[in-house]
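Structure first, then comments.
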Amino acid sequence: MKRLMSYLLLLLLLSGCAKETTAVPNKTEVKERIHIGFSMDTLEEERWLRDRDLFKESAERLGAKVTIMAASGDDALQIVQAEQLIQLGVDVLVVVPHNAEATAAIVAKAHDAGIKVMSYDRLIKNADLDLYVSFDNEKVGEMQAEAITKLVPKGKYVYIGGAETDNNAHLFKKGVFNVLQPLIEKGDITVVYDQWTKNWLPSNAFENMRSAIEANNREIDAVIAANDATAGSATKVLAAYGLLGEIPVAGQDAELAAVRRIVEGTQTMTVYKPINILAEAAAELAVKMARDEDVGADRKVNNGKIQVPSVLLSPIAVDQENVVETVIADGFHDYDDVFGD
Ligand code: BGC
């Protein structure tokens with residue numbers, strides 16, 4: 001009887017132990033849940049909300065956890081937030097830099113903690129960056145200028161640039177001038193106004209456009225704006241001067257308001273960058289980076305310090321002709337939102 005009791009007791013103890021080991025995840029299981037830190041410049045524009053949501057969804061689908069912080073365009077705050085993410089022990093840091101140069105400090109701090117860094121959409125300059133995932137941003141500018149020069153092969157052009165602190169703004173502008181330069185040299189086109197828009201703010205773009213019109217006695221023939229938010233400001237100024245719909249305007253991002261302007265004829269074109277492809281690719285690559293796997297980046301982009309392994313996706317030009325088969329067919333916007341009242 002005594003032996004039976006001890007046998008039963010032993011069985012009971014063993015079953016208890018077994019329960020305990022399955023209930024508490026072991027160390028490897030805990031480590032396998034990859035933690036990604038996503039440090040964003042801003043959430044002010046429509047696109048960045050999409051980037052945030054799609055990146056989070058994609059990473060979570062892959063089993064990763066994502067902590068997101070947005071710095072509202074404040075360089076110092078973005079660095080503090082990145083430090084917080086590093087302290088949280090993220091396995092990889094994905095950064096949309098507000099300031100291409102200032103964020104190099106984030107890369108150095110992350111590397112000190114053994115964390116790899118990906119530049120998302122915008123390049124971090126002069127840093128030992130691990131990966132850059134974006135669109136072909138020079139191509140974006142080329143598409144804008146190609147569309148506008150087709151309509152206005154000769155005349156006075158206004159260029160409303162992006163934020164000087166954003167490397168993309170330089171690439172967009174380079175692309176525009178790749179196309180304009182030969183026409184400028186031929187004497188067909190004159191760029192009568194060319195300014196950056198501080199912090200990409202629509203209010204600054206509004207002032208730029210006003211100065212452009214005032215400085216040229218209202219005699220301008222075409223406007224290329226670095227994105228749809230700045231193009232929106234340009235159209236407001238054109239409206240105030242009674243020129244809305246008279247002068248071709250290019251933008252970028254395929255924001256809903258811009259696509260609606262295209263349909264009503266007050267903006268000529270935009271450039272659509274399928275954010276879902278960017279966000280999904282970035283999430284997959286971030287997980288690979290965290291696992292120290294090969295990311296298979298096929299391109300290299302010089303960031304002033306190194307040749308950064310890069311993945312560059314293709315943008316798509318959108319005008320009245322192809323709105324339906326591009327942004328609507330892709331589900332980027334709903335038909336009713338674009339064509340509704
Ligand atoms: C992005 C654009 C965006 C702009 C302002 C750029 O770096 O590529 O899509 O409109 O920043 O946020």
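First listed ligand is number 1; within each ligand, the first listed atom is number 1. As the structure is a computational prediction, the values presented were derived from the model and not from experiment.
Lys56 NZ: 12 or fewer foreign heavy atoms inside a 6.0 Å radius.
Heavy-atom proximity to Trp200, at under 4.0 Å, picks out these atoms of ligand 1: 4 (C), 5 (C), 6 (C), 11 (O). Counting atoms of ligand 1 from 1 in the listed order, those under 4.0 Å from a heavy atom of Phe172 are 8 (O). Near Lys273, meaning under 4.0 Å from one of its heavy atoms, ligand 1 places the atoms 1 (C), 2 (C), 8 (O), 9 (O). Under a 4.0 Å criterion applied to the non-hydrogen atoms of Gln252, ligand 1 contributes the atoms 9 (O). Each of the following atoms of ligand 1 lies closer than 4.0 Å to a heavy atom of Asn168: 1 (C), 6 (C), 7 (O), 8 (O).
Polar contact with ligand 1: absent for Asn137 (N/O pair, distance under 3.5 Å).
Residue contacts with ligand 1, taken as heavy atom pairs separated by less than 4.0 Å, do not involve Tyr120 at all. Here Arg47 has side-chain heavy atoms under 4.0 Å from ligand 1, and that is the only part of it that gets that close. Contacts with ligand 1 closer than 4.0 Å are made by side-chain heavy atoms of Asp121 only, the backbone lying farther away.
Protein heavy atom nearest atom 10 (O) of ligand 1, with residue, atom name and distance: Asp253 OD2, 2.5 Å. Of the protein's non-hydrogen atoms, Asp166 OD2, 3.3 Å is the one closest to atom 6 (C) of ligand 1.
With a 4.5 Å cut-off on side-chain heavy atoms, Thr235 and Val237 do not count as touching. Taking the side chain as every heavy atom from C-beta outward, Leu238 and Met209 approach each other to under 4.5 Å.
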Take Lys65 and Ile34 through the side chain to side chain contact (heavy atoms under 4.5 Å, CB included) test and state the conclusion after the steps.
-> CA-CA 6 Å; Lys65 170 183 166 184; Ile34 286 163; over 6 Å; no
Before giving the answer on salt bridge (charged side-chain N to carboxylate O under 4.0 Å, His left out), spell out for Arg291 and Asp91 the whole-Å C-alpha distance, their side-chain angles and the decisive distance to 0.1 Å.
-> CA-CA 9 Å; Arg291 293 199 178 123; Asp91 299 295; over 6 Å; no
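Below 30°, between 30° and 60°, or above 60°: for Tyr159 and Phe177 the angle between ring planes is above 60°, a perpendicular geometry. The aromatic rings of Tyr120 and Trp48 sit tilted, their planes meeting at an angle between 30° and 60°.
Residue Phe135 places every heavy atom at 4.0 Å or more from ligand 1.
Of the listed options Glu45, His98, Glu44, Arg122, Arg122 places a heavy atom closest to atom 11 (O) of ligand 1.
Nearest heavy atom pair, residue Ala169 against residue Ala163, reads CB-O, 3.1 Å.
Counting only distance, with no hydrogens or angles, the side chain of Asn302 and the backbone of Gln307 share no donor-acceptor pair below 3.5 Å.
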